Protein chains: 2
Amino acid sequence: MNVIEIPDGSPFGRDNLPYGVFSAAGGQPRVGVRLGDTVVDLALLLGDPVFAAPSLNPFLAQGPARWAQVRERIRAAAGGPVPDEARHPVRDVRLHLPFEVADYVDFYASEHHASNLGRLFRPDAAPLLPNWKHLPVGYHGRAGTVVVSGTGIVRPCGQFKAPDEAAPRFGPSRRLDIEAELGFVVGVGSPLGGRIGVDGFAEHVFGAVLVNDWSARDLQAWEYVPLGPHLGKSFATSISPWVVPLAALRAARVPLPGQDPEPLPYLRGGEDWGLDVDLVVTWNGQEVARPRYRDMYWSPAQMLAHLTVNGASARTGDLFASGTVSGPEKHRRGAFIELTWGGREPVTVRGEERTFLLDGDEVTISATAPGPDGTRIGFGEVTGTIQPAVGG
Amino acid sequence: MNVIEIPDGSPFGRDNLPYGVFSAAGGQPRVGVRLGDTVVDLALLLGDPVFAAPSLNPFLAQGPARWAQVRERIRAAAGGPVPDEARHPVRDVRLHLPFEVADYVDFYASEHHASNLGRLFRPDAAPLLPNWKHLPVGYHGRAGTVVVSGTGIVRPCGQFKAPDEAAPRFGPSRRLDIEAELGFVVGVGSPLGGRIGVDGFAEHVFGAVLVNDWSARDLQAWEYVPLGPHLGKSFATSISPWVVPLAALRAARVPLPGQDPEPLPYLRGGEDWGLDVDLVVTWNGQEVARPRYRDMYWSPAQMLAHLTVNGASARTGDLFASGTVSGPEKHRRGAFIELTWGGREPVTVRGEERTFLLDGDEVTISATAPGPDGTRIGFGEVTGTIQPAVGG
């Protein structure tokens, strides 16, 4: 029974307290909170069986008053001696998908990303489509293929067709890409026919994760008209194992860069939910981009308000992601299709000229945000390694 | 304890045996099978606790050998006297969503529907996009708003913009529509990185339901580029309470109308899964269309093969729907936007000229298919009534 040591400058200090689901050798998955390099077993620490579950969902459903109360109880309990059986070095545990994903919606909320993709996919048209500044454009992705960081990413096969080819071909994707995003996790849902206003964000959303929305650009380019991306995205979406609660992001909240034209009233007002989160993308260990979430055009509160304004219900475990986080400068771009301008401007990765992902490549996205008193709040990382296609 | 009487010509005879989830007065939801106008409580009839669940999912996950075995046991047990406590008149029970929907994908598999929508949404371009005859185009819908027949449909609000308007407006949809479809329910999933071939359909899919994919055409037209439909569809999708097992559709299987060009090998071959299902659409009780599923271009086996060819996993409870069933003649069109040609050619409903749905309108889609020996297999119906918008 000892006090948990938190290394100086750890991004997992007492002001972060991200939640995840872990299993220790031979044990069943259960909920833990990360403090420094230690995973604390919450069912044991707090004596609360809601944390003996293999997912965060039962706790998420309990709502913001309980989230605040539990956060205070963890701070109090973890400030003193913690029983040995309730603590595990993070390197000794396996981390699982932290929550059961209900519906997964991916937005497209970076003006820089949407403009860049518009230029690349539709070179003869205006880069931003007419609706883009009026609503946070988004679409439903495949909830069943949201996987936890570290899951191998099998190169997807599918159809693609070059503009000068008469018919599509089938095979492994040749333009496998990443999208560095933040995702937001719904705790408290809303009924069918109801709405969550822009002011309701913190009453419904528990916290945030890092997202890598793996994208096969060749499959996507051929399939996406008129119903949007499908197989180019549905093979896998990776998320970080730690859900950072909104309560840890108070010091990270900033105004949006500005919206012109002013959006319709249902998207207007509300509190500031721009977030000063700095992402870092590494490719085989080498840093290739530093996207900043504060550059995003639409806030996550606006995304949720839009998502439900038609009366669609929200559920515990709904995940909605921001879309690629890209900024105005080249090194702020969160997707390789932008960073290499459609593959025409390779980047140098460990001495090699590279465009899209090769088998064996590893991509890791990490992030931090300001905490209180000059500290940093860590999101940890979301990582994945490309495995060869099967049965191309 | 009596033998269950099945009225002559009932579409719920001994060769159908569709599964649903019901509750009788004061009771918990549990699995039943429909025979004539009687719902038989399967946990009581067969003494198997898998049917005491409030959803079909545990049974669906057991796979085709068990599905066949249970079908034989039901036929045997329901052929003799059935205890009174295991039988309920269908009019006395409440019918629930029959399964928990995992992911919901909606295809666009009717050539006539896709061509008609192309002409209406993109009048200056070729009606079919270049990819359409090479792959079954589809997209993910919102699983959390799939509701059972009879659920009220609140008119959705959202953004829309007429071509001659400078900016979008917000309000209740003025072009609320239906889409008459068949949906297919996955019983046995597939692992991430794996595939279900065109020959694997009956090993993975348990059965079919009727689907009404309610659509707000004005919201959809403004939002759908470039990521596809979202709020125009996500407010509600209704399904019939009875899941007709594939085993009941043997006599309904027919070849597809024909595919030219021949699709890529992963979509080729497999058994015939065209389906001779006749749909009837009524609007306030008046028949307005009779779509035929046998006119569909892509088969559900091809849809599932496409869905998973990129390594996307499938899960128990996945629902994939066909998209609107429309045929070449006007009275075969399964959506009002086609039937009224974008609202320009009203239809007469109970003496009134009508285009899109008004508050209070009721739409019911029913369907039957050939069974053995000249009998008919019924899908029952999916119905919904439009309720006024809230907070427009």
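Heavy-atom basis, side chains included; hydrogens, waters and symmetry copies ignored. Just so we're on the same page: letters track the sequence lines, and every chain starts at 1. Source: prediction; values computed, not measured.
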Is it the side chain or the backbone of [X] that comes within 4.5 Å of chain B heavy atoms, both, or neither?
X        : answer
A:Pro261 : neither
A:Leu264 : side chain
A:Tyr266 : side chain

For chain A, which of [options] has the most heavy-atom pairs under 4.5 Å?
options                                : answer
B:Ile153, B:Leu117, B:Leu129, B:Val154 : B:Leu129
B:His134, B:Arg169, B:Arg142           : B:Arg142
B:Pro226, B:Gly152, B:Gly158, B:Ser313 : B:Pro226
B:Ala167, B:Gly232, B:Ala314, B:Pro130 : B:Pro130
B:Arg122, B:Arg315, B:Gln159           : B:Gln159
B:Pro229, B:Ala216, B:Gly193, B:Gly311 : B:Pro229

Contact class of [X] relative to chain A, heavy atoms under 4.5 angstrom:
X        : value
B:Ser173 : neither
B:Leu192 : side chain
B:Tyr104 : neither

**OP:** Under 4.5 Å, counting heavy-atom pairs only, tell me which of A:Gly194, A:Gly189, A:Pro156, A:Gly118 racks up the most with chain B.
**Re:** A:Pro156
Original post:
Roughly how far, to the nearest 0.5 Å, is the NE2 atom of A:His204 from the CG atom of A:Leu60?
Top reply: 14.0 Å
**OP:** Measure the CZ-CG distance between A:Phe356 and A:Leu176 for me, rounded to the nearest 0.5 Å.
**Re:** 9.5 Å
Original post:
For the side chain of A:Thr308 and the backbone of A:Ile196, is there at least one donor-acceptor N/O pair under 3.5 Å apart?
Top reply: yes
**OP:** Could you tell me whether the side chain of A:Asp177 and the main chain of A:Ile337 form a donor-acceptor pair under 3.5 Å?
**Re:** yes
Original post:
Should B:Glu338 and B:Arg119 count as an ion pair when the cut-off is N to O under 4.0 Å?
Top reply: no
Original post:
Got more than 12 heavy atoms from elsewhere within 6.0 Å of CD, B:Glu100?
Top reply: no
Subject >> Close aromatic pair by centroid cut-off 6.0 Å: A:His140 and B:Tyr139 >> reply: no
**OP:** Answer yes if the ring centres of B:Phe206 and B:Phe99 are under 6.0 angstrom apart, and no otherwise.
**Re:**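 No, they do not, as the ring centres are separated by 6.0 Å or more.
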